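Structure first, commentary second.
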Amino acid sequence: MSLFDNVMAGLALVGNINAFLSLAIGIVIGVIGGAIPGISATMAVALALPFTFPMEAINGILLLLGVYKGGIFGGSIPAILIKTPGTPASSATVLDGHPMAARGEAGRALGMALWASCTADLISNLSLILFAGWLASFALSFGPPEFFALILFSLTIIAGVSGDSLLRGALSALLGLLLATIGLDLIYGTNRFTFGDPNLMGGLNFIAVLIGLFAIPEILNTVWHPTGHLGNVQKLGKNWVTFADYRRCFKTIVRGSFIGVFLGSIPGIGAAPAAFLSYSEARRKSPNKANFGKGEIEGVAASEAGNNGVAGATLIPLLALGVPGDVITAIIIGAFMVHGLQPGPMMFVMNSDIIYGLFIGLIFSSALLFVIGGLAIRGFKPVADIPRRILMPMVLVLCIYGVFAVNNNLFDVGVMFVMGWVGFVMGRCHIPAAPFLIAFILGPMLEDNFRQAMLMSGGSPVILLRGPITWFFWGVTALTVIAIARGSLDKARETG
Amino acid sequence: MNQQAIQLRLGIVAMLAAAFLIFYAIPNWVSSPSNVRNLVLSPLFWPYILSGLTGLVGLGLVIAGRRMSATTEPVNDAIEDPRAGLVRLCAMAGLMALVFWAMPRLGMVWTSMLAFAAMAFLIRTRHPVTAVVCAALTPLVLYAFFAHVAGVAIPQGILVRLP
């Protein structure tokens with residue numbers, strides 16, 4: 001069948017009200033799920049999965065994809081309004097989104113988050129359509145040494161989110177890496193810092209650490225100084241994002257989208273590292289780099305472009321190779337299988353109508369996300385107007401329920417409380433929390449891939465330089481480290 | 001406390017933490033099979049590397065702190081009554097411990113209601129009636145959503161059980 005025939009067959013499949021309704025309902029569920037801390041896009045997709053079983057295959061899959069895309073955007077709403085990322089992917093959005101909300105520009109930050117999300121989503125979907133086969137075959141050539149080099153490079157983004165002191169950022173990252181070692185050793189299955197407690201054997205729950213580190217310190221700050229917010233505007237504000245803002249951030253959005261597409265097409269990386277890498281690159285290239293972390297709209301655009309750029313691209317390995325790129329696509333692959341479909345190269349031959357139907361649906365999903373996201377921002381407006389001394393106890397209760405719901409485990413609530421105090425102390429000592437979180441996400445991947453590479457080579461480190469991909473990542477890591485060192489030296493000279 | 005004092009203290013704490021990890025915590029709390037042939041494959045390797053790096057960063061912080069020009073400018077904004085702030089923080093720590101203890105016994109809904117109300121009064125809310133209403137409604141709404149929509153088994157406790 002020619003491309004035209006495929007497109008027509010796909011259009012015949014999705015050119016009906018049911019398909020668009022499924023997609024729209026999915027996006028609504030996703031935005032609401034993403035906006036509730038602790039639900040996350042993953043949980044929303046998992047919850048929606050059983051409801052798709054009686055539906056037609058294409059409608060069911062479109063609904064799940066809508067939940068996924070809506071969830072990634074929805075996470076930015078509480079990240080900006082109450083400094084609590086609804087999903088891990090929105091962690092980077094907190095850095096500039098919340099300071100903007102604190103000075104009365106929540107509407108502008110949310111608007112930019114929406115515009116950047118929709119643009120990145122569109123770019124990601126187009127990339128999926130254009131590069132599915134090529135990028136998937138490239139990702140297939142990634143083994144543990146290549147992953148190790150890539151993650152090591154990703155760790156250099158810590159320099160971009162360290163604030164005033166690179167050393168404090170490094171200390172924060174090392175704390176995150178150390179905390180990530182808790183649990184059973186993945187190769188030998190021996191205990192590391194578990195103290196014989198079964199709750200610790202799987203490591204610390206990521207959501208508990210995330211919410212503990214970002215939301216609980218806000219609560220503790222309010223307890224420490226209950227009237228500290230008086231005089232600070234915390235409303236949605238009259239300012240809305242303008243086309244001039246969008247045009248100024250457009251390069252950042254496109255760059256972030258492609259970072260998301262690239263990282264999303266590699267299985268196992270996920271949206272959170274993409275958001276942080278996009279943020280770091282934006283900061284490095286921006287003329288307003290001093291404003292990053294203090295409420296720079298370009299920071300919000302970069303973070304949201306990075307995480308939404310992943311959403312379409314994670315489907316590249318899923319559709320082209322049948323390899324799920326992250327947890328969400330692993331759930332979505334279940335929906336394919338329930339409907340008797342086997343994602344992979346053969347699907348492009350046997351079920352090309354479904355493939356092209358999905359492509360068409362995905363293109364429309366960006367427009368639907370724009371409309372539904374805009375309504376959601378207005379719907380969540382009252383959150384910005386709640387008095388802080390009512391909002392903070394509400395956030396506490398929301399965090400308790402959200403963290404418990406992830407694993408049905410009260411221990412995670414305890415972890416969240418402890419991490420909250422760690423975050424509070426870090427804040428008082430001006431140790432940035434973002435490097436901690438990035439290292440906590442990337443730490444296990446870094447260690448596992450390093451040790452797998454060592455297992456493959458019998459302990460020879462030469463394997464870490466085995467081919468052009470590793471050379472490339474080692475090269476850019478070295479260049480980045482040199483640039484960071486030069487920047488630090490220049491700064492030290494300037495300060496005297 | 002000024003920037004220099006914080007930098008120096010952080011450096012010293014980081015070095016002490018690294019020493020504690022290297023000499024006590026890792027040997028005692030990280031187990032490794034005796035037949036690991038290659039050092040880099042051992043479960044001990046990564047924690048030791050990270051601890052060593054923590055010590056080095058601590059040393060860097062101390063050196064950088066000593067080079068800093070001493071200023072009297074405080075790092076954090078002062079509050080009116082730091083003593084009262086400290087008391088509130090201790091009370092909040094107690095509240096968190098109590099919440100953790102009470103959740104399996106009283107149930108998440110009732111514990112959350114009490115926690116909401118206690119925290120609202122701890123931070124001296126200007127809307128006490130709204131706080132009490134929200135304290136009662138928020139956990140109930142969340143319970144309804146998580147238990148009946150998301151299918152999460154919210155702990156009910158041993159006293160009053162919700163449908």
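Reminder, nothing fancy here: chain letters follow the sequence lines and each chain counts from 1. Because only heavy atoms are used, hydrogens play no part in the values below, and waters and symmetry mates are left out as well, while side chains stay in. The model shown is predicted, which means the values in this text are computed figures rather than measured ones.
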Exercise. Pick from B:L89, B:L122, B:V57, B:T125: which one has the most heavy-atom pairs with chain A under 4.5 Å?
Worked result: B:L89
For this session: Of all the heavy-atom pairs spanning A:L179 and A:F436, show the shortest one and how long it is.
Result: CD2-CZ, 3.6 Å
Problem set entry | A:I219, part contacting chain B, at a heavy-atom distance under 4.5 Å | both
Problem set entry | Option in B:R124, B:R67, B:R88 with maximal non-hydrogen atom pairs under 4.5 Å from chain A | B:R88
Exercise. Does the ring centre of A:W224 sit less than 6.0 Å away from the ring centre of A:F424?
Worked result: no
Seminar exercise, completed: chain A shares the most heavy-atom pairs under 4.5 Å, among B:A131, B:A120, B:P33, with B:P33
Problem set entry | Residue, of B:S42, B:A135, B:P43, that accumulates the most heavy atom pairs under 4.5 Å with chain A | B:P43
Seminar exercise, completed: Residue set satisfying salt bridge (charged side-chain N to carboxylate O under 4.0 Å, His left out) with A:D185, at least two apart, ordered chain then number -> A:R192, A:R451
Exercise. When heavy-atom pairs shorter than 4.5 Å are enumerated against chain A, which of B:L142, B:N38, B:L39 gives the highest number?
Worked result: B:L142
Exercise. Do side-chain atoms of A:S457 reach the backbone of A:I463 as a donor and acceptor pair under 3.5 angstrom?
Worked result: no
Problem set entry | Atom group of A:L175 that falls short of 4.5 Å from chain B, counting heavy atoms | neither
Problem set entry | Partner of A:N199 by side-chain hydrogen bond (donor to acceptor under 3.5 Å, both in side chains), out of A:N409, A:N205, A:N407, A:D412 | A:N409
For this session: Sort out for me which of A:T181, A:I216, A:I400 touches chain B most, counting heavy-atom pairs under 4.5 Å.
Result: A:I400
Exercise. Given the options B:T138, B:N28, B:V99, B:L41, which has more heavy-atom pairs under 4.5 Å with chain A than any of the others?
Worked result: B:L41
